[in-house]
Amino acid sequence: MAIVTRFPPSPTGYLHLGGARTALFNYLLARKHGGRFILRIEDTDQARSTPEMTEAILEGMRWLGLEWDDGPYFQSERTALYNEYVDKLLETGHAYYCDCAPEAVEAMRERARAAGLKPKYDGRCRERGLGPGPGRVVRFKTPQSGKVVFEDMVKGTIAWDVTELDDFIVRRADGSPIYQLAVVVDDALMGVTHVLRGDDHQSNTPKQILLYQALDFPLPRFGHVPMILGPDKKKLSKRHGAMSVMAYKDMGFLPEAMVNYLARLGWAHGDDEIFCREELIAKFSVEGLGRSPSVFDLQKLTWVNSHHLKNATVERLTPPFVEQLALLGIRDPDEAFVRQVIPLYQPRAKTLREMAEAARSFFLPTEALSYDTKAIAAHLTSAARQHLQALSTRLATLEDFSIPSLEAAVGEYLNTVGQPFKAIAQPLRVALTGTTVSPGLFETMAVLGKARVLERLKCAIHLYPEEVSRGS
RNA sequence: GUCCCCAUCGUCUAGUGGCCCAGGACACCGGCCUCUCACGCCGGCAACAGGGGUUCAAAUCCCCUUGGGGACGCCA
């Protein structure tokens with residue numbers, strides 16, 4: 001039997017790290033076995049669901065490359081279907097109408113809580129034989145004794161005493177279905193075979209199993225993956241990383257790094273750390289899922305990202321790099337030039353953002369270059385300026401601005417003046433980039449090109465520390 | 001409060017009774033490389049929550065304690 005998994009976000013918020021990871025695991029499980037991965041939008045809560053959030057979730061899914069085979073389905077469009085099954089529950093005596101006011105039920109719960117018991121609805125309408133009517137909800141008639149036992153794919157045997165459960169609502173007074181009912185009907189009708197979801201749903205599973213049984217649906221396999229925690233080991237919140245995965249895109253993370261890192265949070269395959277999508281699909285298995293919560297670690301994500309950055313092709317990096325440049329105010333850079341700059345920074349940056357910031361000086365016209373005053377004071381000494389002047393004269397006559405040719409030209413100059421490369425390296429670097437940090441000088445010059453190099457040398461040679469500090 | 005789940009370095013984790021006085025990775029600290037910064041390489045620091053069992057043998061199995069997480073909605 002083919003495996004069918006699903007990801008059912010509710011459009012009441014962005015696609016955050018936890019949701020993204022759950023989606024990823026379901027995606028991987030389906031892909032691994034050549035099954036289907038369904039996307040279903042759980043918007044039965046009309047008040048809190050918005051089309052904007054739906055779109056934001058889809059955007060996140062697309063960015064991460066979590067392609068779904070089916071959907072998105074919208075539960076809000078399937079109300080009639082759910083009601084067929086609520087009616088069936090009513091007909092078979094598995095559910096009943098209840099006219100208790102919400103406040104009355106809350107009072108019951110409060111009383112139970114005060115008595116040190118589990119807050120529950122007491123089932124007073126169970127045998128009243130009420131029919132439909134305004135203000136009446138439909139409740140599921142939970143068995144009064146027995147246990148619900150299931151084999152969790154990640155945690156093993158889990159058992160619940162049904163007395164822990166109460167007669168939960170399956171249809172609101174306004175006629176709309178409740179989550180528990182809608183998921184069960186959808187999962188059953190859509191043929192979902194494996195339900196991998198967050199730990200926070202574990203307590204819903206017994207209720208849902210009861211519904212499956214009452215509705216005579218075959219049971220899927222359930223698996224509950226532990227939550228992702230913040231650095232303080234508390235549930236991830238806005239302060240940590242419960243923000244949209246798209247925020248990580250803006251921070252300069254690659255989706256493949258995100259996927260790699262998320263997969264490793266709560267899942268392992270021996271000592272392996274770096275995976276591409278294909279490897280994840282090939283190596284993923286529920287056996288590798290951990291049972292304990294894991295703390296989100298931005299530093300490790302950053303490291304994983306730097307790895308993918310280093311190994312990516314220039315073509316792959318060009319579009320997102322250009323986007324990052326745009327965020328820094330550098331618009332429409334020459335694409336051929338961009339492609340030359342990228343390799344210089346791939347091993348030097350951990351994120352695309354860092355990369356763009358570091359490479360910024362490459363894209364500025366000479367007159368807009370900002371020279372670091374300390375760097376000028378330290379390295380553009382009069383002796384250094386003389387070297388730069390002499391070097392500039394030589395380079396002006398150099399036809400071939402390739403790395404070997406530049407190395408030879410500079411080498412010759414150093415030979416004639418009897419100086420080591422160190423003597424001019426930092427001055428040259430400051431002159432070309434305005435700072436003391438940059439990629440290798442020869443590659444920098446080669447990429448910058450003859451015109452820019454001569455222009456910047458000239459500019460730097462005539463630059464005085466006093467002027468710069470006055471000017472800025 | 002009640003119930004469910006969980007428990008190996010600071011963090012992510014390997015480990016399914018002997019291969020473990022516990023391995024890898026991030027971070028951190030040294031060193032090498034070197035035109036700066038990175039990358040890379042080499043080395044270091046650092047954990048089986050505690051207590052009882054079971055066993056010839058336990059990080060691995062059982063129990064208790066402690067700690068953590070989750071759930072108790074006409075939210076999903």
Side-chain angles (χ1 to χ4, degrees), chain A residues 8-13 42-45 47-49 75 98 100-102 105-106 109 112-121 135-139 152 154-156 158-161 163-166 168-174 176 178-180 182-183 198-206 224 226-227 229 231 233-235 261 264-274 287-288 290-304 306 310 345-350 358 375 379 410 420-430 433 435-442 444:
Chain A
S10 88
T12 53
E42 311 226 315
D43 54 354
T44 51
D45 184 353
R48 298 197 307 151
S49 302
Q75 290 192 324
C98 163
C100 294
V105 177
E106 187 41 46
R109 295 206 169 96
R113 232 185 295 263
L117 300 171
K118 192 141 201 153
K120 298 197 304 187
Y121 167 69
R136 292 180 183 179
V137 299
V138 175
R139 288 183 182 276
D152 191 281
V154 351
K155 306 205 182 193
I158 294 179
W160 280 75
D161 198 308
T163 55
E164 289 299 321
L165 277 23
D166 66 357
F168 55 94
I169 294 175
V170 290
R171 181 160 73 202
R172 298 186 182 91
D174 68 3
S176 63
I178 282 284
Y179 164 75
Q180 311 288 6
V183 233
D199 231 353
D200 48 344
H201 281 289
Q202 195 170 305
S203 56
N204 286 326
T205 304
H224 295 93
M227 306 275 82
L229 275 27
K233 302 211 174 189
K234 294 272 192 267
K235 194 179 180 180
Y261 175 73
R264 278 287 290 104
L265 239 203
W267 175 82
H269 183 271
D271 286 337
D272 299 348
E273 295 286 354
I274 299 297
E287 284 72 42
R291 300 112 303 180
S292 49
S294 30
V295 174
F296 176 74
D297 182 6
L298 188 63
Q299 285 189 310
K300 185 143 187 184
L301 199 216
T302 305
W303 173 78
V304 171
S306 73
K310 222 173 304 163
Y345 284 96
Q346 276 180 270
R348 299 186 156 73
K350 295 188 186 307
H379 301 289
V410 173
F421 186 48
K422 265 189 192 294
I424 62 156
Q426 283 304 74
L428 226 197
R429 174 165 283 113
V430 173
T433 66
T435 72
T436 55
V437 175
S438 85
L441 284 168
F442 298 108
T444 297

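Residue numbering restarts at 1 for every chain, and letters A, B, ... go by the order of the sequence lines.
With hydrogens and angles ignored, the 3.5 Å screen pairs no side-chain donor or acceptor of A:Y261 with any backbone N or O of A:V304. Judged purely by atom type and a 3.5 angstrom limit, A:R48 has no side-chain atom pairing as donor or acceptor with the backbone of A:G13.
Look at the C1' atom in both B:G10 and B:A46: the space between them is 9 Å, to the nearest Å. Separating the P atom of B:G51 from that of B:G70 is a span of 28 Å, rounded to the nearest Å. With both ends at atom P, the span from B:U8 to B:G15 equals 14 Å, rounded to whole Å.
Residue A:K233 has no polar side-chain atom (N or O) positioned under 4.0 Å from OP1 or OP2 of B:G67. Applying the 4.0 Å criterion to OP1 and OP2 of B:C74, one finds that A:S176 has every side-chain N and O outside that range.
Contact of the A:F296 side chain with the A:L301 side chain is registered, since non-hydrogen atoms from C-beta on lie closer than 4.5 Å. Proximity of A:Y179 to A:S10: side-chain heavy atoms (C-beta onward) are nowhere separated by under 4.5 Å.
Backbone-only engagement by A:T44 is indicated by non-hydrogen atom pairs under 4.0 Å involving sugar-phosphate atoms exclusively. Residue A:A173 is in base contact, counting any heavy-atom pair closer than 4.0 Å across all strands shown. The residue A:C98 sits apart from the nucleic acid: no heavy atom pair falls under 4.0 Å. At a threshold of 4.0 angstrom between heavy atoms, the contacts of A:V295 are confined to the sugar-phosphate backbone, with no base atom among them. Counting any heavy atom pair closer than 4.0 Å across all strands shown, A:H224 reaches no nucleic acid atom. Backbone-only contact: A:R109 has heavy atoms under 4.0 Å from sugar-phosphate atoms and none from a base. A:I169 comes within contact range of at least one nucleobase, with a heavy-atom separation under 4.0 Å.
Residue side chain A:E106 does not reach the base of B:G73 through any donor-acceptor N/O pair under 3.5 Å, judged by distance alone. For A:N204 against B:A76, a side-chain-to-base donor-acceptor contact under 3.5 Å is present.
Distance check: A:T44 OG1 to A:Q180 CD gives 10.0 Å after rounding to the nearest 0.5 Å.
In this structure, A:R48 places its CZ atom 13 Å from P of B:C74, rounding to the nearest Å. Rounded to whole angstrom, the span from the CG atom of A:L298 across to the C1' atom of B:U11 amounts to 12 Å. If you measure from atom CD of A:E273 to atom P of B:C26, you get 7 Å, rounded to the nearest angstrom. In this structure, A:R171 atom CZ and B:G73 atom P are separated by 21 Å, rounded to whole Å.
The stacking criteria are not both satisfied for A:H201 over the base of B:G70, which would need a centre-to-centre distance under 5.5 angstrom and an angle between ring planes under 30 degrees.
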Nucleotide-resolved protein contact map, nucleotides 29-51 of chain B, B/S/- at heavy-atom distance under 4.0 Å: ------BBBSSS-----------
Sugar-phosphate or base contact per nucleotide [nucleotides 2-8 of chain B; S, B, -; heavy atom under 4.0 Å]: BBSSSS-
Annotated protein contacts, base or backbone, on nucleotides 16-21 of chain B with a non-hydrogen cut-off under 4.0 Å, one of B, S, - each: ------
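Candidate nucleotides B:A76, B:G73, B:C26 were compared by shortest atom distance to the side chain of A:K300, and B:C26 ranks first. Of the candidates B:A71, B:C74, B:U13, B:A71 carries the atom nearest the A:S203 side chain, counting heavy atoms from C-beta on.
Using the Watson-Crick or G-U wobble rule with both distances under 3.5 Å, B:C19 pairs with nothing in any strand shown. Applying the Watson-Crick and G-U wobble criteria (two distances, each under 3.5 Å), B:U60 pairs with nothing in any strand. Across all strands shown, nothing is found opposite B:U54 as a Watson-Crick or G-U wobble partner with both distances under 3.5 Å. In this structure B:G1 sits in a base pair with B:C72, meeting the Watson-Crick or G-U test at under 3.5 Å. With a cut-off of 3.5 Å on both pairing distances, B:C39 has no Watson-Crick or G-U wobble partner at all. Across all strands shown, B:U11 forms a Watson-Crick or G-U wobble pair, both distances under 3.5 Å, with B:A25. Across all strands shown, nothing is found opposite B:C48 as a Watson-Crick or G-U wobble partner with both distances under 3.5 Å. When both distances must be under 3.5 Å, the Watson-Crick or G-U wobble mate of B:G67 is B:C6.
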side-chain hydrogen bond (donor to acceptor under 3.5 Å, both in side chains) between A:T436 and A:H379, intermediate numbers included: CA-CA 9 Å; A:T436 55; A:H379 301 289; 5.8 Å; no
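Salt bridge absent: A:D166 and A:K118 never bring a charged side-chain N and a carboxylate O closer than 4.0 Å.
Looking at which nucleotide of RNA chain B each of A:D43 and A:Q299 is closest to, the 5′-most match is held by A:Q299.
Using a 30° and 60° split on the angle between ring planes, A:F442 and A:F421 fall in the parallel class, below 30°.
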